[in-house]
Amino acid sequence: MDKIIYLDNAATSPMNNETLYGVIAYMSENYGNASTSYSLGRRAKKTLERSRNTIADSLKCNPEGVYFTSGGTESDNMLIKGLAKTHKGKHIITSCIEHPAVLNTCKELEKDGYSVTYLPVNGVGRIDTEQLEKAITEDTCLITIMTANNEIGTVEPIEEIVRIGHKHNIVVHSDMVQAIGHIPLNINDLELDSFSCSGHKFGSPKGVGIAYIKPGIDCDPLIFGGGQENGLRSGTENVPNIAGMAIALSYATRNIKGYKSKMESLRQRFLNNLGSRPYMINGSKGYRLPGLLSISFPNVDGENLKLYLDTKGICVSNGSACHSGSIEPSHVLKAIGTPDKYINGTIRISFGNNSLQDIDYVADCIKEYLRKVNKNEISRE
Ligand code: PLP
């Protein structure tokens, strides 16, 4: 296969060798069911518990609160529904720029009689914590606000959100799918009650994630069955992928400083190379994920640009890959007020294991595309 320059790590990320070999070993040799009591099963159970501890060490949270799931979507569904049901009240507060895993779960709860406040965000995608506090009513049972946005990379004031929630005795959940493995996090210090995590966003296999619930907080299960994971998430545990997720998370959190400086240098190199072309960057300058860049070009079709880059071996996204296929303008870009002439010309570049030469090539290809559009060699639509 020709070389691929992969710049869509916010959609999913490749495994490094340490993780890959770990997963293979658990698939080929350590294939027992963790619920069986003979030695192969006990070995799988040990792997499961070791992985739980590694994850808790990496995120500074309590291993007893770590429940393994199939990924971010399931964790958001389980935690939002499960926490809403077990806490008094029928009002939920979230933000209007959440991932569909949160927004559509809230919409489902609305059908069950819950009311939901969708907080607006400012021009860079941050909620206003004063508005959050004003939105709280006697009936509020849950606050669910993401830590980092998947389309524009903006990081929300999560410490303040937790502080306000707890001041009013309200349980606080956060979708941390894009944040985990990308920015330093200390869940115990944050005093967050619950978060969701997806392995494939930081170099683990797909189809595995975490639902975290601070011990002592009640939550109903979403999936019923054989009572695995303390009865909160039934189903035979995916031990190889869980072990892979623990290896990947431990690697990512140990290397988080180096990762940040590498991401910053790739991003800066890209922007320097793009030169003086008209563009706008979406999201916050100061509160953002280091590896994610949402950039909009005026009067350009982002889908076409993405496909053009694909012909050059470059993978980027023009929205959130989790709901691509839909040609609706992004709800996040609309919420931050991206002007009409820019909104369709948006691509999301999420850096990873790229070289500076790769980045130079990508910037050159984009400049070439923009030149062709200007000369009408490529249609604007
Ligand atoms: N939440 C956010 C912020 C995401 O970016 C995604 C996926 O992109 C999800 C939830 C869903 O995660 P998963 O793909 O593991 O279901």
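By convention here, the first residue in the shown sequence is residue 1. The structure presented is a predicted model; accordingly, all values stated were derived computationally and were not measured. Computation of the quantities below employed the complete heavy-atom set of this structure, encompassing side-chain atoms and omitting hydrogens, waters and symmetry-equivalent molecules. For ligands, and for the atoms within them, numbers begin at 1 and follow the listed sequence.
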With salt bridge (Lys or Arg N to Asp or Glu O under 4.0 Å) as the criterion, how do Glu159 and Arg163 come out once you've worked through the C-alpha distance, each side chain's angles and the decisive distance to 0.1 Å? CA-CA 6 Å; Glu159 295 94 338; Arg163 195 192 62 74; over 6 Å; no
Mode of Asp175 contact toward ligand 1 - side chain, backbone, both, neither (heavy atoms, under 4.0 Å): side chain
Please assess Lys81 against Asp220 for the test salt bridge (Lys or Arg N to Asp or Glu O under 4.0 Å), listing each intermediate value before the final yes or no. CA-CA 8 Å; Lys81 287 187 178 171; Asp220 271 3; over 6 Å; no
Counting from 1, what ligand 1 atoms have a heavy atom of [X] closer than 4.0 Å?
X: Thr73; value: 11 (C), 12 (O), 13 (P), 16 (O)
X: Lys201; value: 7 (C), 8 (O)
X: Gly71; value: 15 (O)

Is there side-chain contact between Lys214 and Asn62, with heavy atoms separated by less than 4.5 Å? no
In a check of side chain to side chain donor-acceptor pair (under 3.5 Å) between Ser294 and each of Asn149, Thr346, Asn282, which one passes? Asn282
Heavy atom of Glu74, distance to ligand 1 below 4.0 Å: no
Ligand 1 contacted by His200 (non-hydrogen, < 4.0 Å): yes
In the single-linkage hydrophobic clustering (I, L, V, M, F, W, Y; side-chain heavy atoms under 4.5 Å), do Ile347 and Ile152 co-cluster? no
